[in-house]
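In what follows, chains are A, B, ... by sequence order, proteins preceding strands, each numbered from 1.
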Amino acid sequence: MGNLLTIRDLSLEAGPRTDPKRILDRFDLDLDRGEVLGLVGESGAGKSSAGLAAMGFTRDGVRIAGGRIEFDGTDLARASQSALRRLHGRRIAYVAQSAAASFNPAHRLIDQFAEGPVLHGTADTATAHEDARALYRQMQLPNPDEIGFRYPHEVSGGQLQRAMTAMAMACRPDLIIFDEPTTALDVTTQIEVLGAMRDITERYGTAAIYITHDLAVVSQMADRITVMRHGREIETAPTPRILESPQEDYTRSLWAVRSIRKPDATGAAEPILTLEATSAHYRSFRALDGIDFTLARGRTTAVVGESGSGKSTLAKVIAGLMAPSEGRVLWNGAPLAGDHGKRTRAQLRDIQMIYQMADTALNPRHTVRETLDRPVSLFTNLKGKARRARVRELMELIELDPDEFLDRRIPELSGGQKQRIGIARALAAEPKFIICDEITSALDQIVAEGILKLLIRLQQELGLTYMFITHDLATVEAIADEVMVMKNGKIVESGPRARIFEAPQEPYTKRLLASVPQMDAGWLDRARRDAAEAKSAEAPA
Amino acid sequence: MKRFTGFTSPSRRGFLAGTAAAGMTLGLGLTPARAAEPQKGGTLRVGFTQGSTSDSLDPATYSNDFMFATSYAVFSTLVEIAPDGSAKPDLAESYEATPDAATWTFRLRDDATFSDGKTVTANDVVASVRHHMGDQSKSGVKPLLAQITDIKADGDKVVVFTLQSGNADFPFIFNDYHLTIRQDQGDGTIDPDTRIGTGGYVIEAFEPGVRIELARRDDYWKEGAAHFDKVLILKVGDAAARMNALMTGEVDLIDRPDLKTIHMLERNRDLRIHTQNGTLHYTMPMHVTTAPFDDVNVRLALKHAIDREAIVQKVLKGYGTVGNDHPIASSMPFYNADLEQHAYDPDKAKHYLGKAGLDSLEVTLHTADAAFNGAVDASVLFSEAAKAAGISVNVAREPDDGYWSNVWLQKPFCTSYWGGRPTPDLMFSAGYAADADWNATKWQNERFNELLLDARAELDESLRAEMYGEMQMLCQTDGGALIPAFGQYVSAMNTRVAMPEKVSEMWDLDSQRFIERWWFA
Amino acid sequence: MTLLRTAPPTAIFGMLVLAATLLTGIFAPLVAPYGETEIVGAEYLPWSAEYPLGTDNLGRDMLSRMIYGARNTVGLALLTTGIAFGLGAALGMFAALKGGWVDQILSRAIDVVMAVPPLILALMLLAIIGPSIPNMVGVIAVIYLAPVYRLSRAAAMNVVSLDFVDAAKLRGEGTLWLLRREILPNISSTLVAEAGLRFCFVFLFIAALSFLGIGIQPPTADWGSMVKENATLITFGDVTPLIPAGAIALLTVSINFIADWMLHRASGLKS
Amino acid sequence: MTRLQKLILSRLALGILTLFVVSALMFVGIELLPGDLAQQILGQSATPDTLRAFRAELGLDQPPHTRYLDWLSGVVQGDFGQSLASGRKVSDLLGTRLANTMFLAAYAAVIAVPVAVTLGLLAALWRNSIFDRAANIGALSAISMPEFFVAYLLIMLFSIKFGWFPTLARLDTATGLGDALYVTFLPALTLIMVVIAHMMRMTRAAIINVLASPYIEMARLKGVPRWRVVLKHALPNALAPIINVIALNLAYLIVGVVVVEVVFSYPGLGQLLVDAVASRDFPVVQAVGLFFAGTYILLNVAADILSILSNPRLRHGR
C-alpha cells in the first residue's frame with residue numbers, strides 16, 4: 001500500500017498565525033499506482049484542500065502546519081517551487097470543478113493542451129497537437145480533430161470537462177486529482193463525462209483521487225472511499241464494503257439522506273394558479289414556448305429539466321420579474337399583471353420566492369433581523385413589540401434560535417442557515433404560494449434534507465402551495481405531488497409523481513430518470529447504454 | 001535677502017551659470033548697460049507675457065504688448081514720442097499748426113520707403129488714418145480721431161488735418177501704435193493684413209500667440225536705428241517660464257519678470273533688471289453723482305484713508321510711486337510738482353467725514369484682479385487702513401470675465417487702471433472730460449472742462465503749464481478718482497542688451513520701441 | 001478596534017497622517033501660531049524659532065499658512081469629492097437600477113460631460129458663473145461626478161442582477177430603499193477605494209485651476225496655490241514650494257494607502 | 001454585417017450625436033459667458049460705438065441661433081469657418097497646433113505606455129515585494145504632485161542645473177526629428193511621469209484581479225512558471241481594463257495638457273482653446289472643442305473595439 005502517494009499527519013492552517021483555523025487535521029492518505037480513491041464529505045470538510053495538498057499545492061492564505069506528503073519518494077511538503085513545477089502537470093495533474101472557469105478564455109483548447117507537454121519537454125507542439133486529437137477521440141468528444149481549435153466559450157460544459165481531463169492526461173501523469181468534476185453538469189451530461197473519465201484512467205492505469213459530495217457518483221468511480229468531516233478522516237474502506245456496511249455513524253447518516261418521502265396527496269384540489277399559452281422572450285430567444293398548466297392549492301409541483309429548459313424563466317414570469325410576451329397568468333382566477341410593479345400589494349404578498357443561491361438572495365450587508373423585519377413591516381400591520389415577536393416566531397418556524405442568530409450578519413451564517421433565512425423571509429409575508437427555485441442544489445445533502453423536511457412541515461402547518469424548480473430528481477421524489485418535465489421552453493410531460501416516476505411516457509423523461517446516479521456498482525455502465533438508446537429514440541425532437 | 005544662504009555658499013557655487021558670487025547688483029534699474037555707440041548685429045530674442053492667437057496684423061485690433069512692439073518695428077508712425085517726452089517727427093519730416101491749433105499740416109519725409117521699395121505718400125497716410133475712422137471702424141483709437149473733421153492729401157507729401165476745435169497736442173496722437181502707416185491700395189483703403197511696412201524690420205514668420213520673427217531691412221531710411229540683425233519675439237505667458245528661459249540664455253530679454261523672485265534674478269551677474277517709470281497708474285473711480293460720493297468731503301475722506309505707501313510696497317513690491325489723485329505722471333509734460341501730496345492720515349479723513357456730517361462711513365469697493373494685477377490685494381489693504389478712520393470699505397470681488405463691461409463705469413466705486421496717455425490733454429480728454437466716453441467718475445467740473453478746452457487750443461507753453469497745473473489740482477481736490485499709485489515697468493535682460501542713456505517712459509521697454517532703439521553691446 | 005489591529009503598517013501610517021491633517025485643519029486657529037493672512041514680519045524670512053518655516057512673499061508665517069491650508073485645501077477637496085461621490089453614486093445606481101431609457105439618457109449626458117476636457121469645462125463654467133469658492137466646488141463636483149457615475153453604475157449593475165434586489169422589488173420596495181439599503185452598502189467599498197484616488201485628483205485639479213488663475217483666490221491659504229505662488233522659487237534652488245507640494249504628496253499617498261487597504265479588505269470579504 | 005461592425009457603427013453614430021450635443025452646449029456656454037469677442041478684444045478701451053461696429057463686422061449682432069446654424073451648416077460641408085478674432089481660417093489656425101499636440105502626445109505615449117505596462121506587470125508578478133511597494137509609492141507620489149510642479153522640478157534639474165535641455169519647447173527651431181525630440185523632451189517627460197503612474201497602477205490591479213481566477217490556478221497546477229502565468233495567462237484576460245486606461249490616458253495626453261503647454265510655452269491646442277475661450281472666439285472654440293471631444297469619443301470607441309478583439313468570447317460572439 002501507498003507506493004505512489006503517502007500522506008501522513010498532514011495539517012493545513014489558514015487565517016492569522018495567532019488564531020489559525022485548521023483546514024486539515026492530522027490527515028492520512030495512501031494511494032497505490034493505478035488506484036482510484038474517492039474523497040467524500042460535505043462542503044468545508046477539507047476534501048479540496050486535501051486534493052490540492054496531494055499535489056503539494058496550497059491556496060493563498062493556506063499553509064502546511066505539519067506532516068508529510070510523499071509522492072513517489074519525494075516529500076512535496078518540503079519540495080522547492082521549481083521541483084513542484086516539474087511534477088505538476090507532468091506526473092500529477094488536476095481536473096477542476098468548473099472547466100468553464102478553469103480553461104483560460106483567451107486561448108484555444110489545443111494550445112492549452114499543448115502548453116504542459118511542451119513546457120515539460122515531453123513533446124513538441126506538433127506531437128502534442130496530434131496527441132490531443134487522439135485523446136479527444138478517446139474521450140469521445142465530437143469532432144475530435146477540430147474541437148481543439150475552438151475557444152472555451154464555444155464548447156459546452158460537458159465537452160469542456162472532457163477536454164480538461166484530456167489535458168490532464170497530456171503528459172500521461174501517474175496521478176490525477178478530480179475535484180468535483182461533474183458537480184456543475186446536468187445529470188444527462190454527467191453520465192458521458194463520468195464514463196469517459198473512467199475509461200481513460202483505466203486505459204492508462206492512472207491513479208486518481210476523486211473528490212465529490214455525491215456518493216452515487218463516487219461509488220461508480222472509486223476503488224476505495226475515504227469519508228471526511230471537519231478536516232479529518234472519518235472512515236476509509238473499499239467501495240463495496242463502505243456502501244454495504246459503513247462503520248461510523250456519520251457515514252451512515254450520509255447514506256440515510258436519500259430516504260425522505262412525502263406522503264401521497266389525497267383528494268381533489270382547487271386550482272390556484274393557471275398559465276394560459278404563456279410565452280416569454282429574451283430578445284429574440286424564446287425561453288418559454290406556449291406553456292399551459294394549472295397548479296393545485298396546497299400541493300407541491302416540481303418542475304424538472306436541464307439547464308436552459310426554461311424552468312427559471314417560468315419562475316420569473318410567475319413572480320412578475322419578467323413580463324410574458326404572449327398568454328396570461330391567472331391567480332385565483334384573476335389575471336395577474338406581467339410586471340411586479342403593477343401588481344397589488346396583496347398579490348405581491350401571496351406569491352413569494354425562495355432562491356437557489358442563498359448567498360445572493362440575501363443582502364450580505366444586512367443582519368438577520370433586518371432581513372426579516374422588513375417584509376414583516378411591509379406586509380403586516382404589526383408594530384413595535386408584536387412585530388418583534390413575529391420576527392422571533394419566524395425564526396422558530398425555521399428552527400433557528402432567535403437569540404443566537406437575529407443579530408448576525410448574513411455572511412456569518414452557513415449555507416443551510418442562509419437558506420432557512422430565505423425561507424423565513426418568504427414566510428414573513430404570510431404567502432399562499434412559494435416558488436422554490438433550485439433551493440437545495442447548492443447545499444450538501446444532509447443540509448438539503450433538513451430544508452426539505454422543513455418545507456414539508458411548513459406546508460402541512462400553513463397550507464402552502466409550492467412550485468419546486470429543480471434538476472435533482474431525488475429531490476423531486478422526496479417532495480413533489482405533481483411533476484412537470486420541461487425541455488426547450490416547453491412542457492414535455494406532466495402528471496402525478498408516482499406516474500411519472502413509475503411509468504414515464506416520453507423518451508426524454510425516461511432518459512432523465514435513468515441519468516439519476518444510483519449507488520449500485522453497475523449503474524454507470526447501464527446508464528450509458530440506456531442513454532445512448534434513449535438519445536437515438538428522441539433524436540427527432 | 002532670502003533664506004537658503006547655502007544657495008550662494010561656495011559649495012553650491014555654479015549652481016546657476018554665472019551666479020557665482022552673491023554680490024548684489026546696484027540699485028534697481030539705475031545702471032543700465034550702455035555702449036558708447038550703438039552697434040549693429042545679433043539676434044535679439046524676447047520673451048513676452050502678452051500675445052494671443054487672436055492677434056492679427058490689422059492695426060485696428062492691436063490690444064497687447066506683443067502687437068505694439070511688432071507694430072513699431074514693422075511699421076512707422078508719423079510722430080514718435082522722444083525719450084524726453086516730446087513729439088518728434090518720424091515718417092513726418094515736420095508738422096505745423098495754424099495759430100488756433102485747429103488745422104495741422106504734416107509734411108512727409110522724401111526718403112521714407114515701404115519694404116517693397118515704394119515711397120510713402122500722403123494718400124497712404126490718409127488711407128491709414130481713415131482705416132480707424134467712420135461708423136464701420138472698430139479701432140481703439142477711433143474716439144481720439146473723432147475730433148478730425150477733414151483729412152486731405154495736399155500733393156504727394158503733405159497731409160492736412162482739420163479739427164473741430166484747436167488741439168495743441170494733436171501730433172501726440174500719431175505716436176499711437178494703431179496709427180502705423182500702410183499703403184493705400186489705390187481706392188483710399190488699406191489692406192489690413194499687409195506685411196508691407198515702413199519700419200526697420202520685415203516679418204519673416206508670424207504665428208499669432210506664439211512668435212514673430214523679424215529681419216532688419218537693409219534699405220531702412222532712418223539713421224541710427226534698427227541695430228539688431230534679427231529679432232524674435234516669443235510669447236511666454238508663464239512668469240516662471242520666462243525667467244527660466246532668460247536664465248538658461250534661451251532669450252535675451254523678458255518683460256514683466258515675477259516680482260516675487262526678482263531678487264533671485266538679480267544675483268545673476270549676467271542678467272540685469274531694468275525699471276522705468278511710466279504713465280501706467282491705478283485708480284479707484286467713484287461716481288460723483290451717487291451718494292455718498294456726491295459729497296466732496298466724503299471723497300476727500302477716502303483719499304486720506306488709503307495707505308499709498310503700503311500699496312506701492314506690498315502690491316507693487318516697491319516697483320512704483322505713490323499717486324496724488326490725478327492722472328498726470330511726473331515724466332509727462334506739464335506735471336504739477338507743487339501740489340501737496342495726499343498721504344495716509346486717518347485724522348484728516350475723520351475731519352472730512354465730520355465736515356460731511358458723518359461719524360462713520362460704509363462703502364463698497366468692487367474689484368477683481370482683472371482691473372489690474374493685485375487690485376484685490378490693494379483693495380484689502382485699503383479696507384484695513386480705512387478702519388482707523390472709521391470708514392469700512394467692503395471689498396466686493398467681481399468675476400474677472402466681463403469686468404470691463406459689468407463693473408467698470410457701472411458700479412459707483414471700483415478699481416481700474418489707465419495705461420496713460422502721452423499728454424495731459426489726451427489723458428484728461430479720455431477719462432475726465434465731462435463728455436468723455438470713459439469719464440469713469442461722471443465728474444462734471446465746469447472750471448475743469450473750460451480749462452481743458454482752452455488749454456488744448458493754446459500754443460503758449462507757459463500758459464498751458466499753468467492751466468494744466470490747475471486742472472491737476474482740481475482733479476486732486478474735487479475729482480472722483482482715487483489714484484493711489486503709479487506703476488513702474490520692470491523688465492529683465494542679459495547684460496549684452498544695451499539701450500540709450502534715456503528711454504521713453506510712457507510704456508514698457510522704451511515705450512515698446514526697443515526693437516529699433518536698442519542694441520547688443 | 002480589531003480593524004486597526006489587522007491594518008498593515010502602511011494603512012496605519014496613512015490613517016495617522018490623515019487624522020493629523022484633519023485635526024490640524026479643524027483646530028487650525030488654535031494650532032497656528034499666527035493668523036491665516038496676518039503679515040507678521042518681513043518677506044522671505046529664513047526658518048527660525050519664531051517662524052519655523054519662515055515667511056512667504058508677503059511676510060506671512062509659512063507654518064500658519066500651511067496649517068490653515070490644511071483646513072481650506074483638505075476641507076474643500078473633501079467637500080468636493082463628497083458631493084461628486086454623493087451625486088455620482090446616486091445617479092449611477094439609479095441608472096443601473098432603472099435601466100432602459102433612464103440609463104440611456106443619464107449615460108449619454110455623462111458621455112457629453114466626459115467628452116469635454118475637464119479643465120476647459122471648468123474654465124468655461126467658472127467664467128459663466130463666477131469663480132467663487134462655492135461655484136468652484138460645484139463645478140469640480142459636476143466634472144468629477146462623471147467618472148464616479150460610470151464606476152458606480154458598473155458596480156451597481158453587478159448588484160442589481162443579484163436575487164436579493166429582485167426579492168426587494170417583489171416586496172414592493174421603493175426606489176429610494178433599493179438604492180440606499182440594498183445597492184449602496186454593497187458597492188460602498190468600491191466607491192471608497194475610488195474616492196481615495198479621486199480625492200487626490202480633485203486636489204490636483206484645484207491646484208491646476210489655481211495655476212491658471214481661477215482656483216482658490218488669494219489671500220486664502222491653500223496648498224495648491226501655495227505651490228503655485230512659490231513655484232518659481234524652485235528654479236532658483238529654493239525648497240519653499242516643496243513644503244506644500246510635499247504636504248500634498250504625503251496626504252495623497254496616505255489616503256491611497258488607506259484606500260488600497262480598504263480595497264484589499266473588500267476583495268477579501270468577497271471570497 | 002458582423003456584430004463587431006454593427007457595434008462600431010452604432011458607437012460611431014452615438015459619438016457623432018454626442019459631438020453634436022457637445023458643440024451645441026459649447027455654443028450655449030460661450031453665449032452665456034459674460035462679454036463677447038468684441039468686448040474681450042477691445043477690453044477697457046471699448047466704447048459703445050466701436051463695440052457696435054466690431055459686432056456688426058463679426059456678425060455678432062445676429063441672433064445666436066442664426067449664428068449657430070450658419071456655423072453648423074458650414075461644418076457639415078467641411079468648412080470650420082474663420083476665427084472671428086484674427087479672420088484666419090480655423091483650419092489653418094489649427095494645423096500647426098494640431099501637429100504640435102499630436103507630436104507631443106505621441107512622444108509621451110510611445111514611451112509611457114510600454115514602460116507603464118511593463119512596470120505594472122512586474123509589480124503584479126512580484127506582488128508585495130520591495131519592487132512592488134517601491135513602484136507603488138513612486139507612482140502615488142508622481143500622481144500626487146501638481147503637474148506644473150513636476151515640470152518646474154524637471155526644469156530646475158535638467159535645464160538650469162545641468163543645462164541639458166531647453167526650457168522653451170520650441171518646435172520651430174527644430175531641424176529634424178531628433179532635434180524635435182530633444183527640444184520637447186522636458187514636456188514629454190513631465191507628461192510621461194504624470195500618466196505612467198495611473199496606467200501602471202491599473203495594469204497591476206487588472207493583472208492581480210485576473211490572477212485570482214480558477215484558470216490561473218489551473219495553469220499553475222500544470223507547472224507553468226510564474227512569469228509565464230502572468231504574461232501568457234493573465235495578461236490576455238486583463239487587456240480590456242488596461243486598454244481602457246491607456247485610452248483614457250492617451251485622451252489626456254491630447255486633451256489635458258494645457259498646464260504643460262503653458263509652462264513650456266508649447267504652442268499646442270490646449271492653449272489655443274484657452275485663448276479662444278478667453279477671447280470668446282466661437283468658431284475656434286468649437287473647432288478645438290469638437291476635436292477634443294472627437295478624440296475622446298474615438299479613443300473610447302477604439303478601446304471598446306480593441307477590448308472586444310482581445311476577448312475571444314466577444315470576438316467570436318454567439
Smallest heavy-atom separation, D:Ser265 atom then B:Gly237 atom, equals OG-N, 4.4 Å
Which answer fits B:Leu232, side chain, backbone, both or neither, if we ask what part of it has an atom under 4.5 Å from a heavy atom of chain D? side chain
D:Leu168 to B:Val251 - nearest heavy-atom pair and separation: CD1-CG1, 4.1 Å
Side chain, backbone, both or neither: which part of B:Val141 has a heavy atom under 4.5 Å from chain D? neither
Nearest 0.5 Å, what's the CZ-CZ distance between D:Arg170 and B:Arg45? 8.0 Å
How long is the span from the OH atom in D:Tyr152 to the CG atom in B:Asn244, to the nearest 0.5 Å? 7.5 Å
Taking every heavy-atom pair that is under 4.5 Å apart, which of B:Ala239, B:Ala245, B:Pro192, B:Gly209 has the most such pairs with chain D? B:Ala245
Between B:Arg211 and chain D, with a heavy-atom cut-off of 4.5 Å, which part of the residue counts as in contact: side chain, backbone, both or neither? side chain
Pairs in or reaching into residues 171-198 of chain D: which pass ring pair (Phe, Tyr, Trp, His ring centres under 6.0 Å), with residues at least two apart or in two chains? C:Phe201-D:His198, D:Phe165-D:Tyr182, D:Phe165-D:Phe185
Rounded distance (nearest 0.5 Å) linking atom CE of B:Met247 with atom CE of D:Met156: 10.5 Å
Find the one option among B:Leu57, B:Asp193, B:Asp238 whose heavy-atom pairs under 4.5 Å with chain D are most numerous. B:Asp238
Listed by chain and number, what are the side-chain hydrogen bond (donor to acceptor under 3.5 Å, both in side chains) partners of B:Thr248, not counting sequence neighbours? B:Glu250
Which bit of B:Leu234 comes within less than 4.5 Å of chain D, counting heavy atoms only: side chain, backbone, both or neither? side chain
The interface call for B:Asp55 against chain D, heavy-atom contacts under 4.5 Å, is backbone
Which atom pair, heavy atoms only, marks the closest approach of B:Ala241 to D:Thr167? O-OG1, 4.5 Å
